[in-house]
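Order of the sequence lines sets the chain letters (A, B, ...), proteins ahead of strands, with each chain counted from 1. The figures here come from the full heavy-atom set of this structure, side chains too, leaving out hydrogens, waters and symmetry mates.
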2 protein chains.
Amino acid sequence: MKDFYAQFDFQSNLLFDALTVSEKNKVFTAMEPLFIPKGSRLFYEEGIPTGIFQLKKGKAKKIKRGFSGSEQIFYIYTAGDVLGYHALFGEERYQDSCEALEDLEVSFIPKDVFFALLKSIPTLQQTFIKNIGHEFGVLANIIAVLAQKNQHARLAINLLILDHRFNQQCQDYNGIDLTREDLANIIGTSPESLGRSLKHFREQGIIVVEKRVIYIKNKQALFQLLQMEVDF
Amino acid sequence: MKDFYAQFDFQSNLLFDALTVSEKNKVFTAMEPLFIPKGSRLFYEEGIPTGIFQLKKGKAKKIKRGFSGSEQIFYIYTAGDVLGYHALFGEERYQDSCEALEDLEVSFIPKDVFFALLKSIPTLQQTFIKNIGHEFGVLANIIAVLAQKNQHARLAINLLILDHRFNQQCQDYNGIDLTREDLANIIGTSPESLGRSLKHFREQGIIVVEKRVIYIKNKQALFQLLQMEVDF
DNA sequence: TTTTAAACCTAACATTTGTTATGTTTAAAT
DNA sequence: ATTTAAACATAACAAATGTTAGGTTTAAAA
């Protein structure tokens, strides 16, 4: 297992990393601050794209409504992530929605400004398109997990992914803070059934739960559940 | 339900439709014929991209190996489909493999020739990138189905999709001809358990099976299993 | 054609997951 | 601080799915 987390991470926080200092300045000065309250949406499925977003603070879920009502969460964005560019490149409508899980501080680049940036910074377009290709592979991996793993394993894998994504940047360890419904909508089960798996992990000492926050105590045990080599 | 099938179809057989006659000629004269025997692969996960492919005859499966061995099929290509361009745009390696389900007749455009075409035909690049965005939405829909639907419903939806994809072009109705293992690897179950669902559909008169080929007799019943408005 | 291996079908039993129901805790609103 | 609604935990039972094993059919190889 070369790079477990990269297989499931869009890595859209690294999109501007390849730029020079002056190019980065060009991008950052083009940004407009935006405040999105918890529960509101940055964009809607079928909506017309207006620009791209970077999360400065807070978390957001990318969702697609299944055709029998319920919503499927297929990604959780965290601070630093850039999003909303797929539809822009394709000159089409949004394929999915993005909803704030907390109050968000966002940097926004309007469509026209973004296209001007693409022209003036030659490497930028390829960086974005390359990332779309990578994200395509991430979705394929998520498909494989949902199709092949049982509920315990799906929970295990997603706990590892979310724990890594939520806590890689910050110094202190904050665990995983999501509603049971959201977590259930990620791993593809009901909140009640999810509770059963969480209880099982608690009894094994793999996790500790305080209020609704999940803290991982034994990563190795989670990896073993996936029958994988450990490498973290 | 506006367009059920489009939600699950890459529509990569339409990529050249927007071109003028002379542009199409440019593309078609750049193609080299290729023969791929059943069971061989057009390209491999982690491999370096060499060009793009169009299936002239035959079917191929796009697969991603899950990290505990087994393969996940997340798309079946049919005659007319263009594929292999994701990795080319991103200047990266293939994210997945593509294996011939039958002997294939393929048209191949080498990487350099393809890039030259992109330069000389301005609309081509946007058409391709737009389609990658569409395919992204298709994968998100597949994720929603795998996460939210039980086995009967997953089989029902995939029978509808495959039946449409395999039989929309040709005059005669050939049903769905796949090994039980491949079909199980699409809907995310074991061949034995798949057999149980197929038997159930047979007993209800929804399908007829001859040899291993599945013929749909009652589309409406399959749509009803998905609790959807019928529109076909 | 005959042989051989792979694919297929089915059933029985074990395990997992879905569903319903009830009570408790937590967070939001007054 | 008090009230109210949402979120959460748990258990019991029903239903779906996984797994193992047997025999049959089909397609490939000799």
Side-chain angles (χ1 to χ4, degrees), chain A residues 37-39 61 66 68-71 73 101-103 145-158 175-204 207-215 225-227, chain B residues 37-40 61 66 68-71 73 100-103 145-158 175-204 207-215 225-227:
Chain A
K38 175 178 176 177
K61 59 180 173 182
S68 40
S70 54
E71 75 176 31
I73 301 176
L101 290 172
E102 319 160 3
D103 288 347
V145 168
L146 286 170
Q148 297 178 354
K149 301 291 183 183
N150 66 17
Q151 187 173 293
H152 279 353
R154 293 201 306 274
L155 177 57
I157 213 170
N158 278 288
I176 301 162
D177 183 9
L178 286 174
T179 70
R180 293 294 170 264
E181 188 177 8
D182 279 343
L183 190 51
N185 284 340
I186 293 171
I187 73 166
T189 189
S190 63
E192 297 88 348
S193 198
L194 166 64
R196 181 161 39 201
S197 290
L198 285 173
K199 188 185 180 190
H200 181 247
F201 284 179
R202 267 192 291 131
E203 287 170 351
Q204 305 249 328
I207 61 171
V208 165
V209 179
E210 285 171 19
K211 300 285 174 69
R212 76 173 189 193
V213 185
I214 300 165
Y215 301 91
L225 239 94
L226 312 176
Q227 296 160 314
Chain B
K38 175 178 177 176
S40 294
K61 58 180 174 183
S68 40
S70 54
E71 75 176 31
I73 300 176
L101 290 172
E102 319 160 2
D103 289 346
V145 168
L146 286 169
Q148 298 178 353
K149 300 293 183 182
N150 66 15
Q151 187 172 294
H152 278 354
R154 293 202 305 276
L155 177 58
I157 213 169
N158 279 288
I176 300 163
D177 183 10
L178 286 174
T179 71
R180 293 295 169 262
E181 188 177 8
D182 279 342
L183 190 51
N185 284 339
I186 293 171
I187 73 167
T189 189
S190 62
E192 297 87 350
S193 197
L194 165 64
R196 183 160 36 201
S197 289
L198 285 173
K199 187 185 180 188
H200 181 248
F201 285 179
R202 265 191 292 129
E203 287 171 351
Q204 306 248 331
I207 61 170
V208 165
V209 179
E210 285 171 18
K211 298 288 173 68
R212 75 172 188 193
V213 185
I214 300 164
Y215 301 90
L225 239 94
L226 311 176
Q227 296 159 314

Subject >> Euclidean distance, His200(B) NE2 relative to Leu155(B) CG, rounded to 0.5 Å >> reply: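 Leu155(B) CG to His200(B) NE2: 11.0 Å, rounded to 0.5 Å.
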Below 4.0 Å: OP1/OP2 of [N] and any side-chain N or O of [X]:
{"X": "Ser190(B)", "N": "dT17(D)", "result": "no"}
{"X": "Arg180(A)", "N": "dT26(C)", "result": "no"}
{"X": "Lys199(B)", "N": "dC8(C)", "result": "no"}
{"X": "Gln151(A)", "N": "dG18(C)", "result": "yes"}

Distance, rounded to the nearest Å, where [X] contributes [atom1] and [N] contributes [atom2]:
{"X": "Glu181(A)", "N": "dA9(D)", "atom1": "CD", "atom2": "C1'", "result": "16 Å"}
{"X": "Leu178(B)", "N": "dA6(C)", "atom1": "CG", "atom2": "P", "result": "20 Å"}
{"X": "Leu194(B)", "N": "dA16(D)", "atom1": "CG", "atom2": "P", "result": "16 Å"}
{"X": "Leu183(B)", "N": "dA7(C)", "atom1": "CG", "atom2": "C1'", "result": "14 Å"}
{"X": "Lys38(B)", "N": "dA6(C)", "atom1": "NZ", "atom2": "P", "result": "14 Å"}
{"X": "Leu225(A)", "N": "dT16(C)", "atom1": "CG", "atom2": "P", "result": "11 Å"}
{"X": "Asn185(B)", "N": "dA7(C)", "atom1": "CG", "atom2": "C1'", "result": "14 Å"}
{"X": "Leu155(A)", "N": "dT16(C)", "atom1": "CG", "atom2": "C1'", "result": "14 Å"}

**OP:** Have a look at Arg202(A) and say if it touches a base, only the backbone sugar-phosphate, or nothing, with a 4.0 Å heavy-atom cut-off.
**Re:** sugar-phosphate
**OP:** Give Thr179(A) one of three labels, base, sugar-phosphate or nothing, depending on what nucleic acid heavy atoms sit under 4.0 Å from its own.
**Re:**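 It contacts sugar-phosphate atoms only.
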**OP:** Check whether any side-chain heavy atom of Leu183(B) lies under 4.5 Å from a side-chain heavy atom of Ile214(B), and answer yes or no.
**Re:** yes
**OP:** Inspect the surroundings of CD in Glu181(B) and state if more than 12 heavy atoms from other residues, nucleotides or ligands are less than 6.0 Å away.
**Re:** no
Original post:
Mapping Arg196(B) and Ser193(A) onto DNA chain D by nearest heavy atom, which one lands closer to the 5' end?
Top reply: Ser193(A)
Subject >> Which residue lies more 5' along DNA chain D, comparing Glu192(B) with Ser197(B) via nearest heavy atoms >> reply: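 Closest to the 5' end, via its nearest nucleotide, is Ser197(B).
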**OP:** Using the closest heavy atom to pick a nucleotide of DNA chain C for each, name whichever of Asn150(A) or Lys211(A) lands nearer the 5' end.
**Re:**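 The residue mapped nearer the 5' terminus is Asn150(A).
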**OP:** Would you check if the side chain of Gln151(A) reaches a backbone N or O of Gly188(A) as a donor-acceptor pair within less than 3.5 Å?
**Re:** no
Subject >> Closest approach of Lys38(A) to Asp103(A) (non-hydrogen atoms, all atoms of both residues) >> reply: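 Residues Lys38(A) and Asp103(A), closest heavy atoms: N-OD1, 2.8 Å.
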